[in-house]
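First comes the structure, then the notes that go with it.
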Amino acid sequence: MKTLVVLSGAGISAESGINTFRDSGGLWENHRIEDVATPEAWRRNQDLVLNFYNERRKQALSVKPNAAHYALVELEKYYNVQIITQNVDNLHEIAGSKNVIHLHGELFKSESTKNPELVYDIPSWELNKGDLCELGSQLRPHIVWFGEAVPMMDIAIEITERADIFVVIGTSLAVYPAAGLVHYVNADKPIYIIDPAKPDITFRKNMTFIQDKASTGMEKLKQELAFSF
Ligand code: NAD
């Protein structure tokens with residue numbers, strides 16, 4: 001079976017009702033990134049940051065995967081599908097995708113501020129001041145904030161290097177190091193990009209741009225791939 005690797009971004013969840021931030025003028029649900037998604041923001045105002053992610057969890061609990069998420073599950077019949085997502089929502093998993101890694105963390109997990117390897121499930125939407133890890137330190141959202149290292153990057157590179165087909169869906173390719181993954185795709189292997197807007201990428205041979213929303217773009221991709229199972 002060929003390996004089909006997907007790099008997904010906020011755009012794949014847009015049709016589920018979760019806003020991307022590039023499309024909202026660089027704001028994330030009306031917040032500046034610097035106020036809610038950086039280590040400095042956490043040091044400055046833990047209440048604001050905790051509340052922001054509590055709201056994101058409430059929102060995530062109220063939405064469902066869309067046709068694009070389900071199309072990727074269907075492709076598992078024909079390919080070894082590996083999803084590398086920049087999203088912190090869990091819509092790929094809810095849809096049923098088996099192999100998902102989250103480059104930028106997961107909304108429904110918390111981590112110790114003393115030892116980031118201590119990671120816990122958040123069963124509902126709330127993470128509050130006074131919620132402590134087993135070492136007694138405050139729990140923070142298990143999110144890779146801007147300016148922090150991306151621990152899953154090495155494994156993402158390994159997966160990308162093994163791709164027979166690489167698909168980019170709904171990402172502006174503006175956030176590094178994630179955006180750099182496309183450069184690890186073997187030059188002989190095809191890259192497909194699904195996005196209504198042209199992402200910031202230099203075109204190379206074997207690159208196909210499907211200018212469309214994730215749901216209808218995935219339908220077009222399935223047609224393109226029909227002969228390469
Ligand atoms: P981005 O906001 O920078 O870019 C979104 C991309 O999606 C754009 O290229 C846009 O043209 C495209 N898009 C918009 N509507 C689409 C649709 N219906 N179908 C397909 N594509 C569509 O997002 P990014 O590149 O993922 O980077 C943003 C960062 O923000 C990520 O690190 C992510 O963790 C975080 N974020 C996550 C979520 C989420 O988990 N759902 C939501 C917002 C932001």
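One-based numbering, in listed order, for ligands and for the atoms of each.
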Salt bridge (charged side-chain N to carboxylate O under 4.0 Å, His left out) partners of Glu40, counting only residues at least two apart: Arg43
Classify the ring geometry between His69 and His92 as parallel (under 30°), tilted (30 to 60°) or perpendicular (over 60°). perpendicular
Ligand 1 to Ala14, heavy atom cutoff 4.0 Å, flagged ligand atoms 15 (N), 18 (N)
Residues Ser13 and Asn87: closest non-hydrogen pair is OG-ND2, 3.5 Å
Please give me the minimum heavy-atom distance between Asn54 and Leu127, naming the atom from each residue. OD1-N, 2.8 Å
Suppose we measure from atom 40 (O) of ligand 1 to each protein heavy atom; which comes out shortest, and what is that distance? Val88 N, 2.8 Å
Can you pull out the closest protein heavy atom to atom 1 (P) of ligand 1? Residue, atom name and distance to 0.1 Å, please. Arg22 CG, 3.1 Å
Start with the C-alpha gap between Ser215 and Asn66, add the side-chain angles, then the distance that decides, and say whether side chain to side chain donor-acceptor pair (under 3.5 Å) holds. CA-CA 7 Å; Ser215 58; Asn66 63 59; 5.9 Å; no
What protein heavy atom lies closest to atom 41 (N) of ligand 1? Include the residue and the distance to one decimal. Asp89 OD2, 2.8 Å
Could you find the nearest protein heavy atom to atom 29 (C) of ligand 1 and give me its residue, atom name and distance? Phe21 CE2, 3.3 Å
Check Arg140 with Glu148, please: is the shortest side-chain N to carboxylate O separation under 4.0 Å? yes
Backbone, side chain, both or neither: what part of Val175 comes under 4.0 angstrom of ligand 1, heavy atoms only? side chain
Atom NZ of Lys58 with >12 non-hydrogen neighbours under 6.0 angstrom: yes
As an exercise, identify every atom of ligand 1 less than 4.0 angstrom from a heavy atom of His104. 31 (C), 32 (O), 34 (O)
Subset of ligand 1 atoms that lie under 4.0 Å from at least one heavy atom of Ile18: 41 (N)
Atom 14 (C) of ligand 1 has as its nearest protein heavy atom Asp23 OD2, 3.0 Å
What I want to know is whether Ala214 and ligand 1 share at least one N or O pair that is separated by under 3.5 angstrom. yes
Can you tell me which residue and heavy atom of the protein come closest to atom 35 (C) of ligand 1, and the distance to 0.1 Å? Trp28 CH2, 3.8 Å
Can you tell me which residue and heavy atom of the protein come closest to atom 34 (O) of ligand 1, and the distance to 0.1 Å? Gln86 O, 2.5 Å
Of all the heavy-atom pairs spanning Asp131 and Gln138, show the shortest one and how long it is. O-NE2, 3.5 Å
What do you reckon, does Thr85 put a non-hydrogen atom under 4.0 Å from ligand 1? no
OH (Tyr184) with more than 12 external heavy atoms under 6.0 Å: no
Minimal heavy-atom distance between Thr160 and Ile84, with the atoms involved, is OG1-CD1, 3.6 Å
Distance under 6.0 Å and angle within 45° of the ring axis: does Arg57 meet both against Tyr53? no
Nearest candidate to atom 23 (O) of ligand 1, where distance is taken over non-hydrogen atoms, out of Gly11, Ala174, Ala10: Ala10
Within-shell test, Pro199 vs ligand 1, heavy atom, strictly < 4.0 Å: no
Can you sort out which atoms of ligand 1 are near Asn19, meaning under 4.0 Å from one of its heavy atoms? 42 (C), 43 (C)
For ligand 1, does Thr171 get within less than 4.0 Å through its side chain, its backbone, both, or neither, judged by non-hydrogen atoms? both
The one among Gly170, Pro196, Gly17, Gly9 that brings a heavy atom closest to atom 5 (C) of ligand 1: Gly170
Decide whether an N or O pair under 3.5 Å exists between Ser172 and ligand 1. yes
Under 4.0 Å between a Lys/Arg side-chain N and an Asp/Glu carboxylate O for Arg44 and Asp35? yes
Considering heavy atoms of the protein only, find what lies nearest to atom 10 (C) of ligand 1 and give residue, atom and distance to 0.1 Å. Asp195 OD1, 3.4 Å
